[in-house]
Protein chains: 2
Amino acid sequence: MNTELPKTVSEPTLKRLPLYHHFLKELLQREQEAVSCTDIGEELNLDPTQVRKDLEAAGISGRPRIGYATAAVVDGIERFLGWKKVSEAFLVGAGSMGSALLGYRKFEECGLKIVAAFDRDPAKVGRKIHGKHVLALDKLTDLAQRMHVLIGIITVPAVEAQAVADALVAGGVRAIWNFAPVRLRVPEHIIVHNEDLYCSLASLSQKLGQALEANPAEPVTARRLRTATLS
Amino acid sequence: MNTELPKTVSEPTLKRLPLYHHFLKELLQREQEAVSCTDIGEELNLDPTQVRKDLEAAGISGRPRIGYATAAVVDGIERFLGWKKVSEAFLVGAGSMGSALLGYRKFEECGLKIVAAFDRDPAKVGRKIHGKHVLALDKLTDLAQRMHVLIGIITVPAVEAQAVADALVAGGVRAIWNFAPVRLRVPEHIIVHNEDLYCSLASLSQKLGQALEANPAEPVTARRLRTATLS
DNA sequence: TATGTATCGAGAATAATATATTGATATATA
DNA sequence: TATATATCAATATATTATTCTCGATACATA
C-alpha cells in the first residue's frame, strides 16, 4: 500500500470516499475480504475507473486480478479522511437543526465529537440536549480557546451567523461547518464548509421544473413498482 | 431581458443562484435598484465573470454601465428556480432531522411546501410536528398518488431509505431529496438529490487534518478578533 | 459634442474533472 | 509450463467549469 498522499484531492473525490467506506463496511460484515473497483462501481453507479482514481488519491492500492483488500480500504479511507483521530467540536445554535445534529451518534465514528452546544436563549442554557450541555453564547470564545476545540458548527439564523463565526475564529477554531444560508467572512486559513439547504433545494426544484415542463404527465403507471414494505 | 433558457444549467451554477438571490433581496430592502456583477462578486467572494455567466444561464441580462436591475434579477432567479409556483412535498421520517426540516418556514419561500410527514413509529403517527400531521407510513404511496405530490424528502435511517424511495416512486413522486447516507436506486426519470452530511463532514475533516499537519499551532493570537456580540 | 469609464456580452483560453484506452500483473486452468 | 482472464495502473482523450480577453454600450463629464 502506497503511503504517499497527494497534496490536494478534489472535492468530488472527497465526497465519494465516504460512499465507498459505507459500502465496504457492509462487505466487511459479510466477511468479503476482497473487492474490485468494478463491484464498487456497480453498487454505487459510478465508473470503475473513477473509483480506482479516488482510492489512489486516498493512498490506497490494490492487486491485479485480486482487487482491493476490503479491510485495508476501509482503514485507508478512515485514516485519509481523518476519522481515526477524533476532533472535538462546538455546536452553536440549539434550534431544531442544531438539536438534530446533536443527536447524530454516527458523527463520532467519523471523528467528530460534539462536546458542547451554545445558545443565546437563556431558557435553553443550562439544559441538556441529547446528553450535551447547552452553554451561554458569551462563553464560546473563551471555552474554545481553553479546550482547544478546532471545529465549530453553526446552526444559528442567518443574521447571527457572522458574529458566531467571528467568535469561533477568535477562540482558535480552524474549521467551520456552516448551516446558515450566508457566506461567512473569515481569515484565509480557516476552512469553511457551507451546508446550505436552500441551495440544494434550489437545484432540486429547478430540475423538477424542467422535467415537468418536458414531460408533464409522466406515465409512472406503466412501470409501477410494488408498494414497498418497510422491514 | 432574454427569456430563452438553456436546456441544462450546471450544478455549481444552480447552487450559486440562491446566494445571489439572498444578497439581492438584502439590497432590495435597502432600495438599491441596480447592482453590478462586480459588487455581487465582491460580496460573495466570486469572480464577477462567473456571476455574469450564472445570471445569463438563468436568462437574466443587464445593461452596460448600469448593471442589473435588482428586482428583475430577484424575480428572474425565483422564476428560473421554480420558486414561484409552490410544489407540495411529503417528508418521510419524523426523527430529529425530519422534525428540523418540518420547522424550516423559509422553504415555502423557495417553492417547497411540506404538506405532511410520515413515520413508521405508531407513537408518532397522529401527532403534529411544527403544525404538520404525521401519518402512517403505509398510507404513503396511496396518498402521494391521490394528492399528486411530486417531491419526497427522505429522513429515515439508511436501511429504510430504499424502501421509502420505492414507495415514493410508486406514488408518482418525481423528485427525491435524500438525507439518508445511501445511494438510492430509482428509475431514470426520477431526480434524486443526496444531502449526505457524512460526505460533507468527510471533506471538512480531511481538509482540517491536512491544514493541521501543515501548520499545527496556528498563531491566531496575532490576529485575534474582538469577542463578537450577537445583536 | 467628444472623451473617458464602468459595465455587460460573447467567445477563447485555461483548468479541473470524468471517461476511455492501453499496458502490466497476478492468478487460474489446461 | 503456457495461455487466458480479471484486475490494477498509467496514460490519453473528452467533457465540463472557470477564468480571461476583447469589443460593444450607455452614462458622466468637460
Side-chain angles (χ1 to χ4, degrees), chain A residues 1-17 19-20 24 27 32-73 76-77 183 199 203 206-207, chain B residues 1-17 19-20 24 27 32-73 76-77 183 199 203 206-207:
Chain A
M1 177 157 311
N2 176 18
T3 51
E4 294 296 329
L5 298 184
K7 274 156 283 293
T8 55
V9 176
S10 79
E11 190 80 14
T13 295
L14 234 32
K15 295 207 166 178
R16 278 188 298 265
L17 286 173
L19 293 182
Y20 308 148
L24 294 189
L27 291 187
Q32 186 178 326
E33 291 178 359
V35 63
S36 72
C37 288
T38 319
D39 294 342
I40 300 177
E42 251 166 43
E43 172 71 21
L44 301 170
N45 278 318
L46 293 168
D47 189 280
T49 313
Q50 184 163 67
V51 176
R52 207 173 300 131
K53 283 250 182 284
D54 289 341
L55 294 182
E56 187 194 345
I60 297 162
S61 57
R63 288 195 320 177
R65 175 80 210 202
I66 305 298
Y68 293 88
T70 318
V73 177
I77 292 178
R183 261 14 182 200
C199 290
S203 70
Q206 199 274 343
K207 285 184 187 168
Chain B
M1 179 158 311
N2 177 20
T3 52
E4 295 294 330
L5 298 184
K7 273 155 283 293
T8 56
V9 176
S10 76
E11 190 79 16
T13 295
L14 235 32
K15 295 205 166 179
R16 279 189 296 265
L17 287 172
L19 294 181
Y20 308 149
L24 294 190
L27 291 187
Q32 184 177 326
E33 291 179 0
V35 64
S36 72
C37 287
T38 319
D39 293 343
I40 299 177
E42 250 166 46
E43 172 71 20
L44 302 170
N45 278 317
L46 293 168
D47 189 282
T49 312
Q50 184 162 67
V51 176
R52 208 175 299 133
K53 283 248 184 284
D54 289 341
L55 294 183
E56 187 194 348
I60 298 162
S61 55
R63 289 195 320 179
R65 174 81 206 201
I66 305 299
Y68 294 87
T70 317
V73 176
I77 291 177
R183 261 15 181 202
C199 289
S203 71
Q206 199 274 343
K207 285 185 188 166

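Keep in mind that this is a model prediction, so the values were computed, not measured. Chain identifiers are assigned alphabetically (A, B, ...) following the order of the sequence lines, protein sequences preceding nucleic acid strands; residue numbering begins at 1 within each chain.
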Exercise for review: For the side chain of Pro64(A), starting at C-beta, report the closest nucleotide among dC8(C), dT19(C), dA26(C).
Suggested key: dA26(C)

Review point. Is the CD atom of Glu11(B) crowded by more than 12 outside heavy atoms at less than 6.0 Å?
Key: yes

Exercise for review: Output the single nucleotide from dA18(C), dA26(C), dC8(C) whose closest atom is nearest the side chain of Pro12(A).
Suggested key: dA18(C)

Exercise for review: For Glu11(B) and dA16(C), give me the distance from atom CD to atom C1', rounded to whole Å.
Suggested key: 16 Å

**Study point:** Gap between atoms CZ and P, on Arg52(A) and dA24(C) respectively (whole Å)
**Key:** 16 Å

Check your understanding: dT25(D) phosphate, OP1 or OP2: any side-chain N/O from Arg65(B) under 4.0 angstrom?
Key -> no

Practice item. Measure from CD on Gln50(A) to P on dA16(C) and round the result to the nearest Å. Key: 17 Å

Review point. dG11(C) base to Lys53(B) side chain: any donor-acceptor pair below 3.5 Å?
Key: yes

**Study point:** From Cys37(A) atom SG to Lys53(A) atom NZ, the distance as rounded to the nearest 0.5 Å
**Key:** 10.5 Å

Practice item. Could you grab the distance from atom OG1 of Thr13(B) to atom CG of Asp54(B), nearest 0.5 Å is fine? Key: 4.0 Å

Review point. Quick one: Asp47(A) CG to dT21(C) P, roughly how many Å, whole number?
Key: 11 Å

Review point. For Gln32(B), does the CD atom have more than 12 heavy-atom neighbours from other residues, nucleotides or ligands under 6.0 Å away?
Key: yes

Review point. What's the CG-P distance between Asn45(B) and dT19(D), to the nearest Å?
Key: 12 Å

Practice item. In whole angstrom, give the distance that lies between atom CD of Glu42(A) and atom P of dA6(D). Key: 13 Å

Review point. Within the pair Tyr68(B) and dG9(C), is there a side-chain N or O less than 4.0 Å away from OP1 or OP2?
Key: yes

Review point. Atom CZ of Arg16(B) and atom C1' of dT19(D): how far apart are they, to the nearest Å?
Key: 12 Å

Point to revise | Approximate separation, where rounding is to 0.5 Å, of Leu44(A) CG and Arg16(A) CZ | key: 10.5 Å

Check your understanding: Can you tell me how far P of dT17(C) sits from NZ of Lys15(A), to the nearest Å?
Key -> 13 Å

Exercise for review: Give the nucleotide from the list dC27(D), dC8(C), dC8(D) with an atom nearest to the side chain of Arg63(B).
Suggested key: dC27(D)

Exercise for review: Measure from the side chain of Thr49(B), starting at C-beta and using heavy atoms only, and say which of dC8(D), dA26(D), dA10(C) lies closest.
Suggested key: dA10(C)

